[in-house]
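Here the structure is laid out as structure tokens; the discussion comes afterwards.
The sequence lines fix the lettering, A, B, ..., with proteins before strands; numbering per chain opens at 1.
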Number of protein chains: 2
Amino acid sequence: MGDTPGVSEPALEEQIAAYQREFRDLDPQVEKIVSALSRLNRRMNVAYGRQTSELGISNAEWEVLKALVLSGAPYRLGPSDLAKRLGLTPAAMTHRIDRMVGEGLVTRERDESNRVRVIVELTPEGREKWLAAMRLASVFEEELLQDLSPAERAVLGEVLTRLLRRVEHSQPDAGGRLSDLD
Amino acid sequence: MGDTPGVSEPALEEQIAAYQREFRDLDPQVEKIVSALSRLNRRMNVAYGRQTSELGISNAEWEVLKALVLSGAPYRLGPSDLAKRLGLTPAAMTHRIDRMVGEGLVTRERDESNRVRVIVELTPEGREKWLAAMRLASVFEEELLQDLSPAERAVLGEVLTRLLRRVEHSQPDAGGRLSDLD
DNA sequence: AACCTAAACTTCGAAGCTAAAGAGTACATA
DNA sequence: TATGTACTCTTTAGCTTCGAAGTTTAGGTT
């Protein structure tokens, strides 16, 4: 759900120039990296969204399928665990699972050994959808990176991983309080 | 609005390993870059959200303030133009502007030379909020990139710009059909 | 056994977004 | 002048999410 309308922004270079006019204390190099990251992500989500809607699901549902598949066989997780991995509240998770059960992508049942718990399990249909989405996604991703040499890919991967480690470390976890927008 | 709950995911390396188990045709190098980009973005939004909520606004409102400031003096744009830049529907823009007018961040008036149009203009209070948010953001961004050498920053900025150019080119614009998340 | 506390999930009400329909204005053409 | 068309913004209805309260179950204490 949550289809995103088209995006139309000024060229990145112009945007950086405008930032420098309006806020002198800004390092243009830093701003370039940050702005590019943010824009890139939004465009990628638009691309993924086109693919998932082609398959009759939403990006939101694809996220759930990914989390289940990545958890490994037998592809089961509880709603709370799913919610944490996706960065959602338990309430939102409940509703999202409702929908996905209705679409046959997952099943929901009580854990008989501990009746407070619920087990969400991927169905074969759900796994098929995930696989189809992965195929489309990997084609897009390869296209996206086609201009990068192997060396550049290696450096990019390493640098991004380092940045990620830093933020994940400074946000040990727990309640983020932040806002939407990609 | 749209505060994001905390995020808790398996380590990136484990996730890549799981992808390889479940989907053989995947280039781990590509997946590493793409996953890191996506996660990094989410963490950054959490960080920005903490800062904006500290200032009594939302990330969504900050996006509007940014667009107006970046448009340059006299800091005026129409709702449609704002909606395109932010990737929102006109309807959402109407409501968001409503709120921001109520909070004194912007003003809304009809364009007397063409009464179909509306002009949204940044107020001094709005500009102050933007400036305060920028100050917090630039500190965070510098911290984020502190482990990167000047050479690495240059390469990262250049490579990301190249990727961005490629997606923006392949999505000339117009109606994206995609999904939320991040 | 009765009670307390914690944990997992769901329900409820409010906020924000989308898609589609509606209303107002400008401009071209007849 | 009248009409048609395009454009800009707003309104309406439905969906998804959040925050907080509520329900059910497990497990430890007295």
Can you tell me how far [atom2] of [N] sits from [atom1] of [X], to the nearest Å?
X: A/M100; N: D/dT16; atom1: CE; atom2: C1'; value: 14 Å
X: A/R96; N: D/dC18; atom1: CZ; atom2: C1'; value: 13 Å
X: A/L82; N: C/dA8; atom1: CG; atom2: P; value: 13 Å
X: A/I119; N: C/dC9; atom1: CD1; atom2: P; value: 9 Å
X: A/N59; N: D/dT17; atom1: CG; atom2: P; value: 12 Å
X: A/D98; N: C/dC12; atom1: CG; atom2: P; value: 13 Å
X: B/R115; N: D/dA6; atom1: CZ; atom2: C1'; value: 19 Å
X: A/D111; N: C/dA7; atom1: CG; atom2: P; value: 17 Å

Does a donor on one side chain and an acceptor on the other come within less than 3.5 Å for [X] and [Y]?
X: A/Y19; Y: A/E14; value: no
X: A/Q15; Y: A/R39; value: yes
X: B/E63; Y: B/Y48; value: no

Practice problem: List the atom of A/K32, the atom of B/T161, and the distance in Å for their closest heavy-atom pair. | Solution: CE-OG1, 3.2 Å
Practice problem: Ignoring backbone atoms, test whether A/R117 places a side-chain nitrogen or oxygen under 4.0 Å from the OP1 or OP2 oxygen of C/dT10. | Solution: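 Indeed not, no polar side-chain atom of A/R117 lies that close.
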Quiz item: OP1, OP2 of C/dC17 versus side-chain N and O of B/R99: anything below 4.0 Å?
Solution: yes
Quiz item: What is the nucleic acid contact for B/R110, judged by heavy atoms within less than 4.0 Å: base, sugar-phosphate only, or nothing?
Solution: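 Here B/R110 touches no strand at all.
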Exercise. Determine the contact category for A/P90: base if any of its heavy atoms lies under 4.0 Å from a base atom, sugar-phosphate if only primed atoms, P, OP1 or OP2 are that close, otherwise nothing.
Key: base
Quiz item: Starting at the 5' end of DNA chain D, which residue's closest nucleotide do you reach first, B/D81 or A/V116?
Solution: B/D81
Quiz item: Say you draw a straight line from CD of A/Q29 to CG of B/L148; how long is it, rounded to the nearest 0.5 Å?
Solution: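 That separation rounds to 10.0 Å.
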Quiz item: Between C/dA20, C/dC9, C/dC17, which one does the side chain of A/S80 approach most closely?
Solution: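 Looking only at heavy atoms from C-beta outward on A/S80, the closest nucleotide is C/dC9.
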Quiz item: Of the candidate nucleotides C/dC9, D/dT8, C/dT10, which contains the atom at the shortest distance from the side chain of A/T94?
Solution: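 From the listed options, C/dT10 comes nearest.
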Exercise. For B/M93 and for A/P79, find the nucleotide of DNA chain C with the closest heavy atom, then tell me which residue's nucleotide is more 5'.
Key: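 Per heavy-atom nearest nucleotide, the more 5' residue is A/P79.
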